[in-house]
Number of protein chains: 2
Amino acid sequence: MQIHSEILENKGIRPSVQRVRIFKFLMKSKEHPTVEMIFNALLPEMPSLSRTTVYNTVELFKEVGLVQVLDFGRGVLRYDADLSPHSHFECERCGAVYDLDIKPQDISKKMPRGFKVHQTYFYVFGLCSHCKKNEKN
Amino acid sequence: MQIHSEILENKGIRPSVQRVRIFKFLMKSKEHPTVEMIFNALLPEMPSLSRTTVYNTVELFKEVGLVQVLDFGRGVLRYDADLSPHSHFECERCGAVYDLDIKPQDISKKMPRGFKVHQTYFYVFGLCSHCKKNEKN
DNA sequence: TTCTATATTTGTAATCATTACAAAATTAAA
DNA sequence: TTTAATTTTGTAATGATTACAAATATAGAA
């Protein structure tokens, strides 16, 4: 089990205080946070933290392959440090995002001639069990 | 083969000149246009057209189920009047969007208890054959 | 350690797609 | 026609993200 700062160093980026805190937060978060969520969560313990730093940092993490970016079409990007192949569900009522234990299909074989696949995303939208139950409201 | 204005009427919306033109354009377009692309394409033949009308109209079309909205994470939404189950490929180099003849998997059966699936999207990113060929550049 | 160059962080200002809103124009109904 | 409702239009706001430059922190050389 590697310590967080080592993981950053292995990716060739300097483990600054801000980066390590943001990375830790992403690692333990299960809610696929937005930049705003990360910023608000860390602000109490790092009062000088800047939103721009969070933006810079998640962009950097994306580039070195520490996080994947999720876009549920709400005009806000979400970040996921879980890089294992899985899919995502967003509840259209409450906006919560859940992991789905389903691998996005590998379609490299089925692509038109000459096409190269880099990444696949499988997004599912609907109602989560909680919102489904209260559907009358 | 229904005429375009009839399709709009069947969906319960008034077939105004603007709506019919926008709908026709979406039906024949294969490039999954953005609002800006629709606007620019129609402006020469309808000089009074407003961007806002295009925004209003595609939103209306989405609500009545005439188009689906695609989000490739570029900060712009694209619109597709082809509602048959298929997936989408975006070239990371040139930005072109291609239809893939692949049905997004139906996972209603595999969902956690109580969850309800409304829609699924399968997005693939990579290089199209043209950009792959010129990869050196 | 101190100096210096480089990297990182910060805050503010710009960008840009989209949305809000209200006035003008069009259409439908009476 | 007259009136009411719908649609279109243009401009102004919104809000996430990016650009940018000044301030701060860090690493390495001396």
Side-chain angles (χ1 to χ4, degrees), chain A residues 4-6 8-9 11-25 32-64 66-79 90 95 97, chain B residues 4-6 8-9 11-25 32-64 66-79 90 95 97:
Chain A
H4 295 90
S5 62
E6 284 174 6
L8 300 193
E9 280 177 335
K11 290 292 185 179
I13 66 181
R14 197 190 287 175
S16 70
V17 174
Q18 289 86 342
R19 287 175 183 167
V20 172
R21 292 276 183 82
I22 292 170
F23 185 54
K24 276 187 188 169
F25 181 78
H32 311 80
T34 64
V35 162
E36 196 62 23
M37 290 159 83
I38 300 170
F39 177 71
N40 289 328
L42 297 183
L43 196 56
E45 48 181 277
M46 325 175 61
S48 83
L49 182 64
S50 160
R51 228 177 295 263
T52 300
T53 299
V54 183
Y55 275 108
N56 290 342
T57 303
V58 293
E59 170 67 17
L60 181 64
F61 287 176
K62 181 190 80 180
E63 270 157 20
V64 301
L66 281 173
V67 300
Q68 65 173 320
V69 186
L70 303 178
D71 184 336
F72 293 91
R74 304 270 169 202
V76 209
L77 300 178
R78 310 189 75 135
Y79 295 87
E90 188 192 64
V97 172
Chain B
H4 294 92
S5 63
E6 283 174 7
L8 300 193
E9 279 176 335
K11 290 291 185 178
I13 65 181
R14 197 190 286 175
S16 70
V17 174
Q18 289 85 341
R19 287 175 183 167
V20 172
R21 292 276 183 84
I22 292 171
F23 184 54
K24 276 187 190 170
F25 181 78
H32 311 79
T34 64
V35 163
E36 195 63 22
M37 290 159 82
I38 300 169
F39 177 72
N40 288 328
L42 297 182
L43 195 57
E45 49 181 276
M46 323 176 64
S48 83
L49 182 64
S50 159
R51 230 177 294 263
T52 301
T53 299
V54 183
Y55 276 107
N56 290 342
T57 303
V58 293
E59 170 67 18
L60 181 64
F61 287 176
K62 181 191 79 180
E63 269 157 21
V64 303
L66 282 173
V67 300
Q68 65 175 318
V69 185
L70 303 178
D71 184 337
F72 292 91
R74 306 268 169 202
V76 209
L77 300 177
R78 309 189 75 136
Y79 295 87
E90 187 192 66
V97 172

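Computed from a prediction, not measured in an experiment: that's the story for all the values here.
Rounded to an integer number of Å, the gap from B/R74 CZ to D/dT17 P is 15 Å. Atoms CE (A/M37) and P (D/dT17) sit 13 Å apart, rounded to a whole Å. Atom CD of A/E9 is separated from atom P of D/dT26 by 14 Å (rounded to the nearest Å). Going from atom CG of A/L60 over to atom C1' of D/dT18 covers 16 Å, rounded to whole Å. Taking atom CZ of residue A/R21 and atom C1' of nucleotide C/dT8, one finds them 16 Å apart after rounding to whole Å. B/F61 has its CZ atom 12 Å from the P atom of D/dT7, to the nearest Å. Summarising the geometry, the separation between CD1 on B/I13 and P on C/dA28 is reported as 14 Å, rounded to the nearest angstrom. In this structure, OH of A/Y79 is placed 6 Å from P of D/dT17, rounded to the nearest angstrom.
Where A/T53 and B/V35 meet DNA chain C, the nucleotide closest to each residue was compared, and A/T53 sits on the side nearer the 5' end. Two residues, B/L77 and B/N56, neighbour DNA chain C, and the one matched to the more 5' nucleotide by heavy-atom proximity is B/L77.
No donor-acceptor pair closer than 3.5 Å links the side chain of B/T53 to the backbone N or O of B/L49. Judged by distance alone, the side chain of B/R51 and the main-chain N or O of B/F39 form no donor-acceptor pair under 3.5 Å.
With C/dT9, D/dT9, D/dT7 as the candidates, the nucleotide lying closest to the side chain of B/R19 is D/dT7. Side-chain proximity of A/R14 to C/dA17, C/dT8, D/dT7: nearest is C/dT8.
Proximity of B/Y55 to the phosphate of C/dT19: no side-chain N or O atom is located under 4.0 Å from OP1 or OP2. The side chain of A/S48 places an N or O atom within less than 4.0 Å of a non-bridging phosphate oxygen (OP1 or OP2) of C/dT10. Of the side-chain N and O atoms in A/Q18, none sit less than 4.0 angstrom from OP1 or OP2 of D/dA25.
Annotation: the span from A/F23 atom CZ to A/Q18 atom CD amounts to 16.0 Å, rounded to 0.5 Å.
When heavy atoms are screened at a 4.0 angstrom cut-off, B/S16 is found touching the sugar-phosphate backbone but no base atom. Contact annotation for B/R51: no contact, since no heavy-atom pair falls under 4.0 Å across all strands.
For B/T52 against C/dT19, no side-chain N or O and base N or O form a donor-acceptor pair under 3.5 Å.
A 4.5 Å side-chain heavy-atom check between A/R78 and A/V97 finds at least one atom pair inside the cut-off. The side-chain heavy atoms of B/N40 and B/M37, taken from C-beta on, include no pair separated by under 4.5 Å.
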